[in-house]
Amino acid sequence: YSVFPGNYKWKKHDLTYRIENYTPDMSVAEVDDSIQRALQVWADVSPLRFTRIYSGVADIMISFAVGDHGDGYPFDGPNGFLAHAFPPFDGIGGDAHFDDDETFAFKSYNGYNLFLVAAHEFGHSLGLEHSQDPGALMYPNYVHRDVDTFSLPQDDVNGIQFLYGPNPDVNPDKPKPTPPTTPDRCDPKMVLDAVTMLRGEIMFFKSRFMWRSSPFSSTVEQHLIKSFWPQIPENIDAAFESPFDDKVYIFKGQKVWAIYGYDVAQGYPKSLSSFNLPNKVKKVDAVLYDEETYKILFFVNNKIYSYDEQTRRMDKGYPKPVENVFLGMTGKVTAAFQFKGFNYLFSGSKMFEFSSYHKKLFRVLSNNYFLPC
Amino acid sequence: SPILPSIDKEEITMAEDYLNKLYALPKKASNEKLQRSSSMSMRLKEMQEFFGLKITGTLNEETLNVMKKPRCGVPDVAA
């Protein structure tokens, strides 16, 4: 998190807000509700309290405007800058302006969710600057999140409590859920959800996040999964890329999604049975695509199902115990991918490297071997 | 030059506007080409560092992709 230099913070905890006008995209009630919940997010974790007034000058004046609206920071039409807000000080300080050339939405995907945009801007109204944590609400780029399960991330909680302290009214009998944190790829104990190739890059999935690692550059980018594919769930089970149809398949529970570039393919999610897996299989732990044999290996508990992508049939003689196929692989496989002729099976915080041809164990590595710290 | 030849004029203008508004790149007042490109390169590095991109100081496709994302209009560095 980051705060504005110069101690920009409110010297009082009881603040007022006023909604000066409305966007035609949503009903008045939807705007009122979105704004109220966006302020409540901060009140829940700090001593700050917000009271709405309907006339006069409030600490936080909220308005929808387009283009040049007289504050020296003109809006830029659809997309681009969605809104802005001023840090705490007299006059325009604390005020939040929303670009009404955008389409704002209350719940659905078709538009920028006003609650999410407003909660971010009110972070500025209270004294927070942008955060470099890609999971933080105060990250500058808009990321669609599931607003029904939204909980202020830990980085933002740390920021607002740095300025104002914790919420004194927390009921110890009803503790709030712990705020979501952003996983650290350098954590030696981290267990990955899934790993897959994606057009030459390696994608590592963990809770709400993914890391993108290009074998040709030393940088690793971390993103919220939903910043790329809003429809894809978090905490996925497995993933693999089929160069055959240039798609990445994402597995969670009994559902399968297919990703083509930035898009989620039509007609998904489908069920696991679309890969000929028996109905008794309710979840897969990992999937490995073998580019040599066009086989898709599904790891389910300590067994492997082998699916032939060309015949679209499950191979005879499967499932087999994992250890019969990958000698020496005794733990539960939690993720798998193939890279430059080697198969990499993840189990807990370890990564087992097998030759893809002989399926012989070569090395046991740490699971962030491809995610340099 | 901080700009790869494959980037077209419109994208360069968009990038300069982005850096001007969010990373305090001075406006076009300075017409010293060399001074301007070094200032742009420096601001690009700041922006690439902020977003965890490869810090090259050059305007490349990856950096442009981030610049094109919808976002908040408050600067990322204290203006």
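The sequence lines fix the lettering, A, B, ..., with proteins before strands; numbering per chain opens at 1.
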Review point. Is it true that atom CZ of A/F162 has more than 12 heavy atoms of other residues, nucleotides or ligands lying nearer than 6.0 Å?
Key: no

Check your understanding: Can you find a heavy atom in the side chain of B/V74 that is under 4.5 Å from one in the side chain of A/E121?
Key -> yes

Check your understanding: Measuring heavy-atom distances to chain B, does A/S227 have an atom under 4.5 Å in its side chain, in its backbone, in both, or in neither?
Key -> backbone

Review point. Of the backbone (N, CA, C, O) and the side chain (C-beta and beyond), which part of A/E102 lies under 4.5 Å from a heavy atom of chain B, both, or neither?
Key: neither

Check your understanding: Checking heavy atoms, do the side chain of A/Y139, its backbone, both or neither come under 4.5 Å from chain B?
Key -> side chain

Review point. Going by the angle between their ring planes, with limits at 30° and 60°, are B/F50 and A/H130 parallel, tilted or perpendicular?
Key: perpendicular

Review point. Distance from A/R212 atom CZ to B/E62 atom CD, nearest 0.5 Å?
Key: 6.0 Å

Review point. Is the closest side-chain heavy-atom distance between A/S214 and B/K54 below 4.5 Å?
Key: no

Review point. Do B/K21's NZ or CZ and the ring of A/F75 fall within the cation-pi criteria of under 6.0 Å and 45°?
Key: no

Practice item. Would you name the heavy atoms of B/R71 and A/N141 that are closest together and state the gap between them? Key: CB-OD1, 3.5 Å

Point to revise | Other residues, nucleotides, ligands: >12 heavy atoms within 6.0 Å of B/N65 CG | key: yes

Practice item. Answer yes or no: does atom CZ of B/F51 have more than 12 heavy-atom neighbours from other residues, nucleotides or ligands under 6.0 Å? Key: yes

Study note, to complete from the structure: When rounded to the nearest 0.5 Å, the distance separating CZ of A/F81 from CG of B/L22 is 4.0 Å

**Study point:** Nearest non-hydrogen partners of A/H124 and B/C72, listed with the distance
**Key:** NE2-SG, 3.5 Å

